[in-house]
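Below is one structure, written out as structure tokens; the observations come after it.
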Amino acid sequence: EHCLGNPRTVARVSGERLSARTGDSSVLLGAGGTWRKGNLVIDAGLSTREGLDTASEDYSATLSLGMQF
């Protein structure tokens, strides 16, 4: 559940109540793509998040290789 106007999120997992509170506004920018040739598939992605209130930065990259058989 997430209450609008209240920066608090609550979830129940395996009977336990988990809650999170955030006051940090952020901007997330991501890009990715897929290359496919025959049965081979390569997925790649890059993303960055900039915290507007805390000036924190997070970067991530993903690369996956798949093959259909």
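Atoms considered below: every heavy atom in the structure, side chains included; atoms not considered: hydrogens, waters and symmetry mates.
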For Glu16, the side chain to side chain donor-acceptor pair (under 3.5 Å) test, sequence neighbours excluded, returns none
Reference residue Thr48; test side-chain contact (heavy atoms from CB on, under 4.5 Å); the match among Leu28, Leu29, Val27: Leu29
So do Arg49 and Ser56 actually touch side chain to side chain, heavy atoms under 4.5 Å? yes
Donor-acceptor contacts under 3.5 Å from residues 35-42 side chains, at least two apart:
from: Asn39; atom 1: ND2; to: Gln68; atom 2: O; distance (Å): 3.4

